[in-house]
Amino acid sequence: KSKLRGFNIDLQPRFLYSSSLTVTKMIEAGMDKYMDFRAINGVFFFDNDSNKFLKMPVNKGEIFASGALSLIEKRKLFKFLHTCTAISRFMNNSEADINSTSDFDKDLKIDDDLMKQIVEVKTEHFTKFLDLMGISGKLCNLLLFVIANYNFNLEDSKQPTHFLTTQHFVNRIEKFIKSMGIHSTYPYLYTNYGTSDIPQGFSRASAVNGSIFILNPDLNLQEISTEQGEDAEGNKFGYKLKTNMVPEKEHMTTELVVLNKDYVNLLHGFEQADLSVEPKTLL
């Protein structure tokens, strides 16, 4: 009985990237008032060669000290992660973080011919990129399932519904790298009492800010538009929501809207952020 409190079984396990839009919005909403977080201090994979679960090496020191990889694999892994950072900056036209202490963030000059070949396959299946980099076997699996956090098998990644392009793959790798070293060596945060605390926290924050937090799937939200005004009771609002819960020519009104990317197509009447990357990706 004394050990029962040492375990947490989450029926909806999701980690948060330390550097992500979700965490930024949680900070802005003051979510630390309603929930506790824990930094993840290890990510493991099952190694068929040793028949053991081993810790995934995520920095230069760990990579070259790892007993799970051969010397060639260590060099390829480090070079690949370093290269992905440079490629991501090039593809997304972003600047290097001058304050970063990551080994992978240091300037790397990529051969112009190689960069041209990579750009040519950025909308094609990511395995073409791996072929260009000489990555296969164990390294391919580690990069795809452990670092890029892809949730489907390799064959599914070629299907239209789960197709993983080179650019999306590189962005996933870069997301992992950018989130390391913020709260721990590893890039993840976890809610101490399970991820069900996240919608509860947003619900509380929404109530404090006078907004509507929608949990009922029968609401059938059809459109969200921006419009400043006051309702009949004098409450200010900034958004109008068209839904089957009110008469056809009327709207629900709210001061604040919290959405995930599934609802982007319902937004009307204001500038939208670029949310074109991988819909339904929450972290």
Side-chain angles (χ1 to χ4, degrees), residues 3-44 55-56 58-59 94 97-102 105 146-149 151 171-217 219 221 224 226 235-239 241 254-264 267 270 272-275 277-283:
K3 295 183 179 181
L4 289 180
R5 294 188 179 183
F7 298 88
N8 174 29
I9 300 175
D10 194 341
L11 299 180
Q12 188 189 19
R14 286 182 183 272
F15 297 111
L16 302 171
Y17 280 101
S18 296
S19 176
S20 64
L21 180 60
T22 301
V23 170
T24 298
K25 294 304 176 185
M26 292 172 79
I27 293 171
E28 291 176 357
M31 299 280 275
D32 58 302
K33 299 175 184 176
Y34 311 111
M35 52 203 298
D36 297 321
F37 301 90
R38 176 176 297 177
I40 301 300
N41 292 314
V43 176
F44 295 80
K55 204 169 188 179
M56 179 67 199
V58 294
N59 57 42
S94 59
D97 182 0
I98 59 173
N99 297 315
S100 175
T101 59
S102 171
D105 248 344
V146 183
I147 295 183
N149 274 309
N151 296 323
N171 287 342
R172 282 173 173 262
I173 298 290
E174 176 69 349
K175 196 170 190 176
F176 187 99
I177 293 172
K178 286 294 185 185
S179 294
M180 292 193 302
I182 296 178
H183 300 289
S184 73
T185 301
Y186 286 83
Y188 305 119
L189 288 176
Y190 184 73
T191 48
N192 268 348
Y193 302 104
T195 48
S196 61
D197 264 10
I198 296 176
Q200 289 184 51
F202 274 122
S203 179
R204 294 185 182 109
S206 296
V208 169
N209 286 282
S211 62
I212 299 171
F213 189 83
I214 300 170
L215 294 175
N216 187 353
L219 187 66
L221 190 59
I224 304 168
T226 180
N235 299 311
K236 292 182 179 181
F237 64 83
Y239 299 92
L241 285 63
T254 179
E255 187 176 352
L256 177 67
V257 178
V258 178
L259 300 169
N260 67 31
K261 294 179 183 179
D262 296 342
Y263 292 95
V264 170
L267 303 175
F270 53 93
Q272 296 182 26
D274 180 11
L275 298 177
V277 295
E278 297 182 271
K280 298 186 180 179
T281 299
L282 300 180
L283 301 183

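Quick note: numbers below take in every heavy atom, side chains included, and nothing from hydrogens, waters or symmetry partners. Not measured: the values here are computed from a predicted model. Position 1 is the first residue of the sequence, and the numbers go up from there.
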Output a table of donor-acceptor pairs, distance under 3.5 Å, between side-chain atoms of residues 29-43 and any protein atom two or more places apart or on a different chain; print 'none' if there are none.
from: R38; atom 1: NE; to: N192; atom 2: OD1; distance (Å): 3.2

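K55 meets the side chain to side chain donor-acceptor pair (under 3.5 Å) test with no other residue; sequence neighbours excluded. Every side chain to side chain donor-acceptor pair (under 3.5 Å) that Y188 has, sequence neighbours left out, goes to N149. With sequence neighbours left out, S18 forms a side-chain contact (heavy atoms from CB on, under 4.5 Å) with S179, I182, H183, L189.
Between F176 and V58, the closest side-chain pair of non-hydrogen atoms falls below 4.5 Å. L16 places a side-chain heavy atom less than 4.5 Å from the side chain of I198.
Applying the salt bridge (charged side-chain N to carboxylate O under 4.0 Å, His left out) test to pairs two or more places apart or on separate chains, those with a residue in residues 21-31 are K25-E28.
Between I147 and M56 the shortest heavy-atom distance is CD1-CE, 3.6 Å.
Formation of a donor-acceptor pair under 3.5 Å by the T24 side chain with backbone atoms of S20 is found in this model.
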